[in-house]
There are 2 protein chains.
Amino acid sequence: MKLLTKNTDYAIRALIELTVHKEEYLSARSIANKQKMPFQFLRSIMQELIKYKIVSSKEGVKGGLKLIADPAKIKIVDIIRIFQGEIELSDCMFQQKICENRKTCVLRKEIKRIEKLVENEFGKLTVKGLVKKISKQEKGGK
Amino acid sequence: MKLLTKNTDYAIRALIELTVHKEEYLSARSIANKQKMPFQFLRSIMQELIKYKIVSSKEGVKGGLKLIADPAKIKIVDIIRIFQGEIELSDCMFQQKICENRKTCVLRKEIKRIEKLVENEFGKLTVKGLVKKISKQEKGGK
DNA sequence: ATAAACTGATGCTATATTAGTATCAGTTTG
DNA sequence: CAAACTGATACTAATATAGCATCAGTTTAT
Ligand code: FES
Ligand code: FES
């Protein structure tokens, strides 16, 4: 069981990179090299983030990607939603007894509760939060 | 994003069924009919549960499956582990900066924390617990 | 003794998701 | 005008999920 898929994972790392170099345009190529991600894959990921107005892009030499959203407001759960969709029950069909009634189904109710918990936790994590923790760690580690 | 896959889901429902009819042998066919699950799929699922000594089987007419584990001790997380493996990071490779060091990687640390939380929650849920909730609900609903 | 209802073992197929690649057109800069 | 970039789009490959089929053997009722 995986909580994060690669595209989510790469997106987060790229966003961290872009947060560290805010105001600059970083090319997909340079991010891919730095973070050792597959270049074309990263490109498709960044195109998604552009659609969602999280980053903007500039074409041509010296072009690249730039963060436009506030990293303090980019929640990890948002990124998960973009690349993995909503956290959802294993689309359980209405069966007898246990699932007689979706509204009252016990199993469903419990899973929903845990899902909310996960969403909530990933909602508390932001790109900026991660960056902060990284820099703290770097200082502390010296 | 799905927290439970079908095999886990079916396994749980079957176990609930077996708990309700404890001491009896229920055939895979009858469980599949009752819960509207694909018969052969359920059979392969039950074979797994037999391997793990959660249910036992009897061959021949009047044979079938019977619960042998204590339903109060069958945690939902155990079933998840059997069919979906351990909850794991999107096997993140050791990258620069963010993942320079797996031990100290911030992203990893946060995800691990949430994973533990999920595991813990699914560890608190047991088959018996679900059955209890169902019967409460049925009484209350009258 | 034999047919029907069952599991054991095993191997297969179908579908969906995840991961990644490739290509061509257009833009910007030196 | 070439090199370094993105936009758009379409494709492939790998893996995981979901499910089906078959044959051998066991038990029970008749
Ligand atoms: S309605 Fe989905 S688990 Fe019951
Ligand atoms: S080591 Fe995996 S997220 Fe960093």
Side-chain angles (χ1 to χ4, degrees), chain A residues 1-11 13-14 18 24-33 35-53 55-66 68 79-80 82-93, chain B residues 1-11 13-14 18 24-33 35-66 68 80 82-93:
Chain A
M1 188 197 206
K2 262 184 231 167
L3 248 34
L4 300 195
T5 51
K6 293 273 164 126
N7 41 13
T8 307
D9 190 273
Y10 292 158
R13 291 175 208 291
L18 287 171
E24 282 174 66
Y25 280 102
L26 297 185
S27 71
R29 180 81 66 183
S30 71
I31 298 174
N33 287 344
Q35 292 280 340
K36 272 151 201 149
M37 302 163 183
F39 169 62
Q40 291 293 2
F41 193 21
L42 180 62
R43 250 167 52 80
S44 69
I45 290 167
M46 296 319 278
Q47 290 197 346
E48 275 298 292
L49 294 181
I50 291 165
K51 273 190 204 158
Y52 284 89
K53 316 262 188 198
V55 309
S56 70
S57 63
K58 190 186 152 193
E59 287 176 281
V61 181
K62 300 269 170 185
L65 294 317
K66 195 182 64 168
I68 46 172
I79 310 302
I80 294 177
I82 291 173
F83 295 105
Q84 309 182 39
E86 283 292 326
I87 299 178
E88 275 206 334
L89 304 200
S90 72
D91 64 348
C92 47
M93 61 309 300
Chain B
M1 188 196 205
K2 262 184 231 167
L3 248 34
L4 300 194
T5 51
K6 292 274 164 123
N7 43 13
T8 306
D9 190 273
Y10 292 158
R13 290 176 209 292
L18 287 170
E24 280 175 66
Y25 280 102
L26 297 186
S27 71
R29 179 81 67 183
S30 70
I31 298 174
N33 287 344
Q35 292 278 341
K36 272 150 202 151
M37 300 162 184
F39 169 62
Q40 291 292 4
F41 193 22
L42 179 63
R43 246 160 62 74
S44 69
I45 290 168
M46 296 319 278
Q47 291 197 346
E48 275 297 292
L49 294 181
I50 290 166
K51 273 189 205 160
Y52 284 89
K53 315 265 189 198
I54 293 172
V55 309
S56 70
S57 63
K58 191 185 150 193
E59 286 177 280
V61 181
K62 300 268 168 185
L65 295 314
K66 196 181 65 168
I68 46 172
I80 293 176
I82 291 173
F83 295 105
Q84 309 183 38
E86 284 292 329
I87 298 177
E88 275 205 332
L89 305 200
S90 71
D91 62 349
C92 47
M93 61 307 301

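In what follows, every chain begins at residue 1, and chains take the letters A, B, ... in the order their sequences are listed.
Within the structure, a side-chain polar atom (N or O) of Ser27(B) is placed less than 4.0 Å from OP1 or OP2 of dC6(C). Contact between the side-chain N/O atoms of Lys58(A) and the OP1/OP2 oxygens of dT29(C) is found at a separation under 4.0 Å. Remark: Tyr25(B) is not in phosphate contact with dT27(D), judged by side-chain N or O atoms under 4.0 Å from OP1 or OP2.
For Arg43(A) and dG26(C), the CZ to C1' distance is 12 Å, given to the nearest whole Å. When the P atom of dG7(D) is taken as reference, atom CD1 of Ile45(A) falls 14 Å away, rounded to whole Å. For the pair Lys2(A) NZ and dA14(D) C1', the interatomic distance rounds to 11 Å; values are reported in whole Å. In this structure, the CG atom of Leu42(B) is 15 Å from the C1' atom of dG8(C), given to the nearest Å. Regarding Met46(A), its CE atom lies at a distance of 17 Å from the C1' atom of dG20(C), rounded to whole Å. Per the geometry, NZ belonging to Lys66(A) stands 17 Å off P belonging to dC5(D), to the nearest Å. With rounding to whole Å, Gln40(B) atom CD is found 13 Å from dC6(C) atom P. Ile31(B) places its CD1 atom 15 Å from the C1' atom of dA5(C), with the value rounded to the nearest Å.
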Does the side-chain contact (heavy atoms from CB on, under 4.5 Å) test come out yes or no for Glu48(A) and Phe83(A), once each step is laid out? CA-CA 9 Å; Glu48(A) 275 298 292; Phe83(A) 295 105; 3.8 Å; yes
Using the side-chain contact (heavy atoms from CB on, under 4.5 Å) rule, take Ile54(B) and Ile82(B) through it: C-alpha gap first, then chi angles, then the decisive distance, then the call. CA-CA 11 Å; Ile54(B) 293 172; Ile82(B) 291 173; 3.8 Å; yes
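When all heavy atoms of Ser57(B) and Ile50(B) are compared, the closest pair comes out as CB-CD1, 3.8 Å.
Of the listed nucleotides (dT21(C), dA18(D), dC20(D)), dT21(C) has the atom at the smallest distance from the side chain of Phe41(A). For Ala28(B), the listed nucleotide lying nearest its side chain is dT7(C); candidates were dT7(C), dT28(D), dG7(D). Counting only heavy atoms from C-beta on, Glu59(A) has its side chain closest to dG26(C) among dG26(C), dG20(C), dT7(C). In this structure, of dT28(D), dG20(C), dC5(D), it is dT28(D) that holds the atom nearest to the side chain of Val61(B). For Leu65(B), taking side-chain heavy atoms from C-beta onward, the closest of the listed nucleotides dT7(C), dG20(C), dA19(C) is dT7(C).
Ranked by how close their nearest DNA chain C nucleotide is to the 5' end, Lys62(A) and Thr5(A) are led by Thr5(A). Between Ser57(A) and Ser44(B), the residue whose closest nucleotide on DNA chain D is further toward the 5' end is Ser57(A). Comparing Gln84(A) and Gln47(B) by the nucleotide of DNA chain C that holds the closest heavy atom to each, the one mapping nearer the 5' end is Gln47(B).
In this structure, the separation between CG on Asn7(A) and CE on Met37(A) is 11.5 Å, given to the nearest 0.5 Å. Rounding to the nearest 0.5 Å places NZ of Lys2(B) at 14.5 Å from CD of Glu86(A). Note that CD of Gln47(B) and CG of Leu65(B) are 9.5 Å apart. Values are rounded to the nearest 0.5 Å. Expressed to the nearest 0.5 Å, how far CD1 of Ile45(B) lies from CZ of Arg13(B) amounts to 10.5 Å.
Residues from residues 49-56 of chain B that place a heavy atom under 4.0 Å from any atom of DNA chain C, listed by number: Ile50(B).
Contact annotation: the side chain of Met1(A) never approaches that of Thr8(B) to less than 4.5 Å [non-hydrogen atoms, C-beta and beyond].
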